[in-house]
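I have placed the structure first, in the form of C-alpha cells, so that the comments after it can refer back to it.
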Amino acid sequence: MSTVIGIDLGTQSVKVLFYDFGERQIVGNESAPLDLHQDDTGVAEQQSHWWLTALKDAFAKVDPAVRKSAAAMAVSGQQHGFVAVDESNEVLAPVKLWCDTSTETECTEIMDACGGREACIEKAGNPILPGYTASKVKWFRKTKPSLYRKMDCILLPHDYLNLYLTGERCMEMGDASGTGFLDVRKRKWSEDMLHAIDAERDLTESLPPLRTTNEAIGALRPEVAEMMGLPAGIPVGTGGGDNMMGAIGTGNVRPGKVTMSLGTSGTVHAHADQPIVDPVGNIAAFCSSTGAWLPLLCTMNCTVTTELMRSLLGADMASFEMQIAAAGRGAEGVITLPFFNGERTPNLPKARACIVGLNSHNTRPENLLRSAVEGATYSLKFGIDELASLGVEAQEIVVTGGGARSDQWRQLVADICDAPAVVLEQDEGAAFGAALQALQIVEKGAAIEDLADQHLTRDESRSCEPKAAAVNNYKELYTEYQRAVEAVASLYT
C-alpha cells in the first residue's frame, strides 16, 4: 500500500487524510479539535502551537502501518490568517484569523492611502476587507511596534505548517492572493498596497518566495517524521488555501463548475482561465492553485447559523432534517439574516444577526430552523448571481462541507440557485484536494485536471436536481430576503 496525505488546517480542527491512490480509497481520516479565542470586539485568534499539537494528535489516531505508507503530503489551510515570525522562525503573537473583524479601521486606512476602494481594485484586484491579511499587518505595526520590528517574515497558516514540516519559507500563489497585497492580474506583490500598509519599511523583504506551480517545497524533517510516525524525507507539496484546495478536491479545475462550501464560513467559487475582477468588489479576485484564477464569494456565517439555531432549539440532526422538511418554503414569512459574527459579503463587519417576519402564528421551531438554512443559502445565492454577472455561469454546483450532509439543505441549494447540486463520493473537500496535489508530485508530469477526473466520482444518490415549482417560489422569496438585508444594513453602517 502506498498513500498520499492531505492535511487540512481549519478553524475548528486539524484533519489528516491518507489516500491509497492505487486502490482509490481513503484509508485514514482523523482530526483533532482546535480552540478559538473570539470576543464581542471582533477578535478571532488562535495560538500557532495549538495547530502543531492538534496535528500530532490527529496523526496519532491513524493506524501506524498506514502512516508508514505515506509517499508525499500537502497542506491546505484557512486563508488570510497572519503569522508573524522572527528570524528564528518563532511566532511573535497570537494568529489573527480570517474571521477576525477587529481591523476595520486599518482596512479604511489602507484603502485611503491607496486612493480609495475603487483604486485598490484597480491596483491589485481587490478592496481591503476585514479578514484579509493586509489590515492585520497594519494593526500589528500600530499596536505591537516592538514585536513588529522583530518580524522577519509574514506567513499564512498553511505556510507556517509547511515551515514546520520542512524548514522552508514560501507562499503559494492562490493563498497569497487572499492577503490583499498581491496584484492578482500580474501575479506579483503590489508595491502600492504594501506601501499603504507601511510607508517606512520595505515589506517585500519580509515576504517569502512565491510559488507558482505545485512542486515539492522540501522534504519532511526527520524530527517531525519521528514525532508523527511518518517516513522521513517524503516530499511536501506547495499546498494552498482551503478554498484553493477545496476547488481541486471538488474537481473545480475547469470552467462550468461552481463549488459551494457549507462550512463554518460559506463560500462560492469557480474556475476561470483569466482574471475575474469585480469592479464592485463583492467577488474576490483570487488566483487558483492550478495556474488559473478562482473568483470567490465568502460569507462568515454558514453552519455558524444553523448550529446556533440547532443548539438553541435542542434539535439533533434527525430532528433538524424532519423540521426543515415539515416547514414550508419561506418558513411562513420568517427571514433570518445570518450576520452573527459580522459579515464580509455584504461588507458589514459590525452587523449582527436578525430574524424578521415573526408573528404569533409562525413563531415555531421548524420555521426558525428552515429560515436559518434558507438565510445561509440566500447569502451564497448572491454569489452565484454575482459570478453570472461577471460571465461565470454555474452549470452545476458541487456542494461540500458539513452542511452538504443534510438532504434537505442540498435540495434547498438546488432550488434556490436553480442548478443541480452535486455531491462527490470523495466528499472531503480541501483535505482531498491537498491529497491530490501530493499525488501530482508522486506521479510526475500528471495534470491536476486528469487526476481530478480519475479520482473523483459523483454520488448520484445524494445529488439533487432543482424542482421547477420550488425554483419559481424561491425567486420571490429571495427578493424578500434582499429587501430585508437592505433595511437592516442601515443599522450597521
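Index from 1, following the sequence. These figures come from a predicted structure and were not determined experimentally.
In the displayed structure, Arg462 atom CZ is contacted under 6.0 Å by more than 12 heavy atoms of other residues, nucleotides or ligands. For Arg24, the CZ atom is densely surrounded, since the number of other residues' heavy atoms within 6.0 Å is greater than 12. Residue His361 qualifies as open at atom NE2: its count of foreign heavy atoms under 6.0 Å is 12 or below. Few gaps surround NZ on Lys142; more than 12 heavy atoms of other groups in view lie less than 6.0 Å from it. Applying the 6.0 Å contact sphere to CD of Glu30 captures more than 12 heavy atoms from other residues, nucleotides or ligands. Around atom CD of Gln274, no more than 12 heavy atoms belonging to other residues, nucleotides or ligands sit under 6.0 Å away.
A donor-acceptor contact shorter than 3.5 Å links the side chain of Asp159 to the backbone of Leu156. The main-chain N or O of His269 is found under 3.5 Å from a side-chain atom of Asn252 such that the two form a donor-acceptor pair. Side-chain N or O atoms of Asp39 include one that pairs as donor or acceptor with a backbone N or O of Val43 at under 3.5 Å. Side-chain atoms of Asp278 come within 3.5 Å of backbone atoms of Ile283 as a donor-acceptor pair (strictly under, hydrogens ignored). Looking only at distances, a side-chain donor or acceptor of Thr306 sits under 3.5 Å from a matching main-chain atom of Thr303. Here the side chain of Thr179 pairs no donor or acceptor atom with the backbone of Asp175 at under 3.5 angstrom. Under the 3.5 Å distance criterion, the side-chain polar atoms of Arg410 are matched with a main-chain donor or acceptor of Ala404. With Asn126 contributing its side chain and Ala285 its backbone, the two residues share a donor-acceptor pair below 3.5 Å. Without hydrogens or angle criteria, Ser135 side chain to Gly131 main chain gives no donor-acceptor distance under 3.5 Å. Remark: the backbone N or O of Gln437 is paired with a side-chain donor or acceptor of Asn214 at under 3.5 angstrom.
Contact check for Thr305 versus Val373: no side-chain heavy atoms found under the 4.5 Å cut-off. Val236 has its side chain within reach of Asn162: a pair of non-hydrogen atoms, C-beta onward, lies under 4.5 Å apart. No side-chain heavy atom of Ile384 sits under 4.5 Å from any side-chain heavy atom of Leu380. With contacts defined as side-chain heavy-atom distances shorter than 4.5 Å, the pair Arg405/Met317 does not qualify. Two residues are said to be in side-chain contact when any heavy atoms from C-beta on lie closer than 4.5 Å; Leu97 and Glu45 fail this criterion.
Classification of Glu480 and Arg483 as a salt-bridged pair holds, one side-chain N sitting under 4.0 Å from a carboxylate O. Ion pair Lys467/Glu465 not flagged as a salt bridge, since none of the NZ, NE, NH1 or NH2 atoms sits closer than 4.0 Å to an Asp/Glu carboxylate oxygen. Of the charged side-chain nitrogens involved, at least one lies within less than 4.0 Å of a carboxylate oxygen, so that Lys381 and Asp385 count as a salt-bridged pair. Taking 4.0 Å as the cut-off between side-chain N and carboxylate O, Glu332 and Arg364 count as a salt-bridged pair.
No donor-acceptor contact under 3.5 angstrom links the side chains of Gln46 and Asp35, judged on distance only. Using modelled atom types, one finds no donor on one side chain facing an acceptor on the other under 3.5 Å when comparing Gln426 with Tyr19. In the model, Trp409 has a side-chain atom that pairs as donor or acceptor with a side-chain atom of Thr377 under 3.5 Å. Between the side chains of Asp242 and Ser76, no donor-acceptor pair of N or O atoms lies under 3.5 Å. Side-chain polar atoms of Gln411 and Asp415 form a donor-acceptor pair below 3.5 angstrom. Checking Ser102 against Lys96 by side-chain atom types alone, a donor-acceptor pair falls below 3.5 Å. Counted by atom type alone, Glu172 and Thr238 present zero donor-acceptor pairs between their side chains at under 3.5 Å. A donor and an acceptor atom, one from each side chain of His271 and Asp273, are located under 3.5 Å apart. Side chains of Asp427 and Thr400: a donor-acceptor N/O pair is present below 3.5 angstrom, by distance only. Judged purely by distance below 3.5 Å, without hydrogens or angles, the side chains of Thr345 and Asn282 never pair a donor atom with an acceptor atom. Tyr481 and Thr336 form no side-chain donor-acceptor contact under 3.5 Å, judged by distance and modelled atom types alone.
Atoms OG1 and CE, on Thr133 and Met171 in that order, are 7.0 Å from each other to the nearest 0.5 Å. Note that CH2 of Trp51 is 14.0 Å distant from OH of Tyr164, once rounded to the nearest 0.5 Å. To the nearest 0.5 angstrom, Phe286 atom CZ is 10.0 Å from Thr267 atom OG1. Taken to the nearest 0.5 Å, the CG atom of Leu477 stands 11.0 Å off from the CG atom of Asn472.
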Steps toward salt bridge (Lys or Arg N to Asp or Glu O under 4.0 Å) verdict (Glu366, Arg370):
CA-CA 6 Å; Glu366 63 268 27; Arg370 187 177 183 103; over 6 Å; no

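The salt bridge (charged side-chain N to carboxylate O under 4.0 Å, His left out) test with Glu104 is passed by exactly one of Arg344, Lys138, Lys350, Lys136: Lys350.
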